[in-house]
2 protein chains.
Amino acid sequence: MPEVQHLDPVDWRILTILQDDASITNKALADEVGLSTSSCHERVRRLRSAGVITGIKAVVDPAAIGRGLHAFIAIRLRPHRRDLVDAFTAAVLTLPETLALYNVSGPEDFFLHVAVADSADLQRIIMEQLATRPEVGHAQTHLIFDRPLAAPVRPRRSIS
Amino acid sequence: MPEVQHLDPVDWRILTILQDDASITNKALADEVGLSTSSCHERVRRLRSAGVITGIKAVVDPAAIGRGLHAFIAIRLRPHRRDLVDAFTAAVLTLPETLALYNVSGPEDFFLHVAVADSADLQRIIMEQLATRPEVGHAQTHLIFDRPLAAPVRPRRSIS
DNA sequence: ATCTTCACCGGATATCATCCGGAACATGCC
DNA sequence: GGCATGTTCCGGATGATATCCGGTGAAGAT
């Protein structure tokens, strides 16, 4: 299903624009890339049905709702039994502070990305939600100081 | 500027819906939350101007364009001079494979999230783009096996 | 009790997304 | 070359939509 698509320069410009701001009108987007509204609309429709664009989503700033402190928590599980892993995953995903959970290789098993109000809140999560779980062997916290620019998916070379 | 906003249950329902699919029409959204189109429109406008919703963005699937392999690369810099850090940051952000770069505390200085075609491509990035940089002291790769569900920003309790 | 504020509503209007037929172009085949 | 085929584009038509505005009622303050 995730067939690799061939994208021409116009497709890339459309993707670049929509990754930055998808609330742009089709008309404005068409002007931007130099197409008629109908052609542009068809391009976008194709990118969606081809699975290149998987969705249009609103981005919410955690800081605006009192969760300005971000952290990665690198987690090592003790026994690797499937049911324990699933239970851990399900529990972590229900936490409102969870932004993303990555199952990774290496000495750590999971990277958990959280957004919390303050360090006390972070400590609470770790103590009450993670350290108490028997399957959690070790958890190391990395505060996120900065995230220098979100990088959209972009072409290998310059956009024509 | 990131003043903490007070959100009522209707605001949360709007945020939950828009974080999942912002291409919904205002009319459909209004029906969903039980408001008139004008009231709903005003709510969304406020959430935007208050900085809760920071943008509407198209989500592009890296796998659909031939970058199905994801990894975190935990990077330690050698000297911590500001200009070296900035140079490193700038260089990494220009890589098309870069999805996000996090400046973190702890033994590692950066977490670099990349999407590449295959393991050879990943090795190429590490060897040619990272290991060759003099300021990079150490880089440890964590392949991302899975990312069990992207979690939107959501309220602390249930949504009314 | 009166005033003020606020969220909501319904209607009006300009704008927009979406569909369709046909033109222009490239490509491959005879 | 001549022709068939497929693709991409365009402009117009139309139905739906975003967006604005004045009015209304409820809640809280004075």
Side-chain angles (χ1 to χ4, degrees), chain A residues 1-61 64-66 154-155 157-160, chain B residues 3-61 64-66 153-160:
Chain A
M1 185 59 45
E3 195 64 34
V4 174
Q5 301 295 320
H6 175 257
L7 303 178
D8 69 14
V10 175
D11 289 325
W12 275 114
R13 290 183 56 195
I14 290 175
L15 287 181
T16 302
I17 294 171
L18 290 185
Q19 282 181 292
D20 177 60
D21 177 18
S23 70
I24 187 176
T25 64
N26 180 58
K27 180 169 147 51
L29 178 61
D31 287 348
E32 201 76 34
V33 301
L35 286 178
S36 67
T37 63
S38 45
S39 298
C40 185
H41 187 267
E42 171 66 12
R43 291 261 193 168
V44 175
R45 197 197 57 75
R46 275 201 197 181
L47 289 170
R48 264 194 277 146
S49 74
V52 177
I53 296 175
T54 59
I56 310 288
K57 291 178 188 296
V59 180
V60 171
D61 178 16
I65 56 173
R154 53 201 186 291
R157 298 159 195 291
S158 87
I159 305 176
S160 116
Chain B
E3 194 66 33
V4 174
Q5 300 296 319
H6 176 256
L7 304 178
D8 69 14
V10 175
D11 289 324
W12 274 114
R13 289 182 57 193
I14 290 175
L15 287 181
T16 301
I17 293 170
L18 290 185
Q19 282 180 294
D20 177 62
D21 177 18
S23 70
I24 186 176
T25 64
N26 180 59
K27 181 170 144 55
L29 178 62
D31 286 349
E32 201 75 34
V33 301
L35 286 179
S36 67
T37 64
S38 45
S39 297
C40 185
H41 187 266
E42 171 66 12
R43 291 261 194 169
V44 175
R45 197 198 57 74
R46 275 199 197 184
L47 288 169
R48 265 195 276 147
S49 74
V52 177
I53 296 175
T54 59
I56 310 290
K57 292 177 187 295
V59 180
V60 171
D61 178 16
I65 57 172
V153 176
R154 53 203 186 289
R156 196 169 275 280
R157 299 160 195 291
S158 86
I159 305 178
S160 112

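Given the structure is predicted, the values throughout are model-derived calculations rather than measurements. Note on naming: letters A, B, ... go to the chains in the order of the sequence lines (proteins, then strands), and numbering restarts at 1 for each one.
Within the structure, no pair that satisfies the salt bridge (charged side-chain N to carboxylate O under 4.0 Å, His left out) test touches residues 14-38 of chain B, not counting sequence neighbours.
A/Ile17 places none of its side-chain heavy atoms less than 4.5 Å from the side chain of A/Trp12. Counting only heavy atoms from C-beta outward, the side chains of B/Ile56 and A/Ile24 never approach each other to under 4.5 Å. The shortest side-chain heavy-atom distance between B/Leu18 and B/Leu47 does not fall under the 4.5 Å cut-off. Inter-residue side-chain proximity for B/Val60 and A/Val52 is flagged as met; some heavy-atom pair is nearer than 4.5 Å.
For B/Arg46, the side-chain contact (heavy atoms from CB on, under 4.5 Å) criterion is met by B/Glu42, not counting sequence neighbours. In this structure B/Ser38 satisfies the side chain to side chain donor-acceptor pair (under 3.5 Å) test together with B/Ser36, sequence neighbours excluded. Listed by chain and residue number, B/Asp8, B/Ile14, B/Val33, B/Leu35, B/Arg43 satisfy the side-chain contact (heavy atoms from CB on, under 4.5 Å) test with B/Val10 (two or more places apart in sequence, or in another chain).
Between the side chain of B/Asn26 and the backbone N or O of B/Thr37 there is at least one donor-acceptor pair closer than 3.5 Å. Panel note: side chain A/Thr54, backbone B/Asp61; no donor-acceptor pair is recorded below 3.5 Å.
Taking 4.0 Å as the cutoff to heavy atoms of chain A, we find the contact window on DNA chain D bounded by D/dT8 to D/dG11.
A rotation axis mapping the C1' atoms of four pairs onto the next four is fitted at both ends of the helix from C/dA1-D/dT30 to C/dC30-D/dG1 over five pairs, and the angle between these axes is 30° to 10 degrees.
Note on A/Thr25: only backbone sugar-phosphate atoms sit closer than 4.0 angstrom, heavy atoms only; bases stay farther off.
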Do nucleotides 18-25 of chain C as a string where each nucleotide becomes B, S or -: B if the base has a protein heavy atom under 4.0 Å, S if just the sugar-phosphate does, - if no protein is that close. SB------
Table of protein N/O atoms under 3.5 Å from nucleotides 5-7 of chain C N/O atoms:
{"from": "C/dA7", "atom 1": "OP1", "to": "B/Arg46", "atom 2": "NH1", "distance (Å)": "3.2"}
{"from": "C/dA7", "atom 1": "OP2", "to": "B/Arg46", "atom 2": "NH1", "distance (Å)": "3.1"}
{"from": "C/dA7", "atom 1": "OP2", "to": "B/Arg46", "atom 2": "NH2", "distance (Å)": "2.4"}

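In this structure, CZ on A/Arg13 lies 9.5 Å from CG on A/Leu29, to the nearest 0.5 angstrom.
Contact record, A/Gln19 with B/Ala58: CG-O, 3.6 Å, taken as the closest heavy-atom pair.
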